[in-house]
Amino acid sequence: MNYWLFKTEPDECSIDDFANSPGTAIVWEGVRNYQARNFLRDQVKLGDLVFIYHSSCNAIGIAGVARVVQSSYPDPSQFNASSPYFDAKSTGSKAPWVAVDLQFVEKFPQLLSLDKLKQSTKLEQLPLVKKGNRLSVMPVSSAEWQHIITMSQDRGRDDETGKTT
DNA sequence: GCCAACGTTGGC
DNA sequence: GCCAACGTTGGC
């Protein structure tokens, strides 16, 4: 099993959209970057776990966890002329973009902010925290995954002093 | 809204 | 294949 982090603008698809429809498969479509596409197409597998990251919004950070319930298949939005993700160059035989299906697992008790993630020396290798990074589908190591899960459960505790606030 | 960083496009 | 111009991402 592999671990991932997917970025999303919460205005479009947020952790609450997952939390509000537990047990429902949500189509993760609209990935239009080749490096992200390659991960999605070749390495994201049924049963993998995914951090849902909220970007370009007021509260930036990891909001929760979802599970892959369907591995990659042609992204329907590339054929849909009314979709913002429409790609006129995509045809049935030449369709470069793929989607996967995700299902709700967990919403963190509180959002784990990008600022907190950047403070952790254990996450320095995560592409997310590197300057200028734009990758919207990225692998997370099992050690990073476990550390982030631990951080998400470490509520109200100050990183510097260890005192509860 | 700004703008740095990055990816893509297209002329040559 | 190079690389300048352009478009997009995404934090601030």
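The basis for the numbers below is simple: all heavy atoms, side chains too, and nothing from hydrogens, waters or symmetry mates. A, B, ... follow the sequence lines: proteins, then strands. Residue 1 opens every chain.
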Starting at atom NE2 of A:H54, determine the distance to atom C1' of C:dG11, rounded to an integer number of angstrom.
16 Å
Take atom NZ in A:K7; do more than 12 heavy atoms of anything else shown fall under 6.0 Å from it?
yes
Nucleotide nearest A:Q35 when distance is taken to its side chain, options B:dA5, B:dG7, C:dG10:
B:dG7
Rounded to whole Å, how long is the line connecting atom CG of A:L117 with atom C1' of C:dG10?
15 Å
What's A:K130 touching, base or sugar-phosphate or nothing? Going by heavy atoms closer than 4.0 Å.
nothing
Rounded to whole Å, the CD1-C1' distance (A:I60 to C:dG11) equals 5 Å
State, to 0.1 Å, how close A:W28 and A:C13 come at their nearest heavy-atom pair, and which atoms those are.
CZ3-SG, 4.2 Å
Of the options B:dG7, C:dC12, C:dG10, whose atoms approach the side-chain atoms of A:K7 most closely?
C:dG10
Does this structure show an ion pair linking A:K107 with A:D16, if we count only N-O contacts that are shorter than 4.0 Å?
yes
Measure CH2/A:W97 against P/B:dG7 and give the value in whole Å, please.
13 Å
Which listed nucleotide (B:dA4, C:dC12, C:dG10) is nearest to the side chain of A:K131?
B:dA4
Taking only the side-chain heavy atoms of A:Y34 (C-beta and beyond), determine which of C:dG11, B:dT8, B:dA5 contains the nearest atom.
B:dT8
Can you find a side-chain donor-acceptor pair between A:S136 and A:R37 that sits under 3.5 Å?
no
